[in-house]
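Okay, structure first, notes after.
Small disclaimer: the values here were computed from a predicted structure and weren't measured. Throughout, residue positions are numbered sequentially from 1 according to the sequence presented.
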Amino acid sequence: MIFVEIKDNNEIGLIHNRPFDEIDGLGQTEEELSKKGLLVESLPETENIYGKAPLLKYDGSKLYYDYIDIEPAKEEKIERDLKELKEQNAQMLMALMMGGLM
């Protein structure tokens with residue numbers, strides 16, 4: 001059982017994978033938790049979309065994911081910039097060779 005806290009504006013607050021665990025649980029009954037959110041068997045599946053991060057939401061009847069834009073990791077940006085520079089360099093070399101300068 002998974003507990004998903006629903007805030008007043010239907011945004012997701014807390015997600016707890018073991019709400020009734022003796023050690024790590026929330027120390028509340030099913031009835032108490034139901035007043036604050038949802039108890040579900042599983043969360044919806046996420047999609048892997050490049051440059052997007054899943055944001056769990058609740059529309060009043062079901063949970064779903066909205067996908068928001070994220071900044072690429074520095075390593076990814078560096079790789080992308082390096083690839084772009086290599087392509088530009090190859091184009092300049094080709095232009096020089098075609099112009100008879102090499």
Does one hydrophobic cluster hold both I6 and V40, with members joined at side-chain heavy-atom distances below 4.5 Å?
->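 In one cluster with I6: V40, yes.
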
Closest heavy-atom contact between E45 and Y65?
->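 The pair with the smallest heavy-atom distance is O-CD1, 3.8 Å.
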
About how many Å separate CG of L85 and CE of M92, when rounded to the nearest 0.5 Å?
->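 It comes to 8.5 Å.
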
Under 4.5 Å between any side-chain heavy atoms of [X] and [Y], yes or no?
| X | Y | result |
| --- | --- | --- |
| L39 | S34 | yes |
| E5 | Y58 | no |
| Y64 | L56 | no |
| L38 | F3 | no |

If the condition is side-chain hydrogen bond (donor to acceptor under 3.5 Å, both in side chains), which residues does [X] pass it with, not counting sequence neighbours?
| X | result |
| --- | --- |
| K52 | D69 |
| E30 | none |
| S42 | none |

Okay, side chain of Y67, backbone of E47: is any donor-acceptor separation there less than 3.5 Å?
->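 Pair found, side chain donor or acceptor close to backbone of E47.
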
Not counting sequence neighbours, which residues clear side chain to side chain contact (heavy atoms under 4.5 Å, CB included) with [X]? List them please.
| X | result |
| --- | --- |
| D81 | K77 |
| E79 | none |
| E32 | Q28, T29 |
| E87 | K83 |

Non-neighbouring partners of K57 that pass salt bridge (Lys or Arg N to Asp or Glu O under 4.0 Å), sequence neighbours left out =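 Checked K57 against salt bridge (Lys or Arg N to Asp or Glu O under 4.0 Å); matches are D66.
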
Could you pull out all residues at least two apart from K35 that satisfy salt bridge (Lys or Arg N to Asp or Glu O under 4.0 Å)?
->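 By the salt bridge (Lys or Arg N to Asp or Glu O under 4.0 Å) rule, K35 matches no residue at all.
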
Supply the members, apart from L82, of the Ile/Leu/Val/Met/Phe/Trp/Tyr cluster built from side-chain contacts under 4.5 Å; use none for a lone residue.
->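 Once heavy-atom contacts under 4.5 Å are chained together, L82 still belongs with nothing else.
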
List, by chain and then residue number, the residues other than L55 in its hydrophobic cluster (Ile/Leu/Val/Met/Phe/Trp/Tyr, side-chain heavy atoms under 4.5 Å); write none if there are no others.
->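 The other cluster members (ILVMFWY side chains, heavy atoms under 4.5 Å, direct or chained) are I68.
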
Might you confirm whether atom CE of M1 has over 12 heavy atoms from other residues, nucleotides or ligands at distances under 6.0 Å?
->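 Enclosed.
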
Would you give me the side-chain donor-acceptor pairs under 3.5 Å for residues 8-18, sequence neighbours excluded?
residue, atom, partner, partner atom, Å
N9, OD1, E11, N, 3.3
H16, ND1, R18, N, 3.0
H16, ND1, R18, O, 3.3
H16, NE2, D24, O, 2.9
R18, NH2, D24, OD2, 2.4

Which is it for F20 and L26 under the side chain to side chain contact (heavy atoms under 4.5 Å, CB included) test, yes or no, and what are the steps along the way?
-> CA-CA 6 Å; F20 302 116; L26 296 172; over 6 Å; no

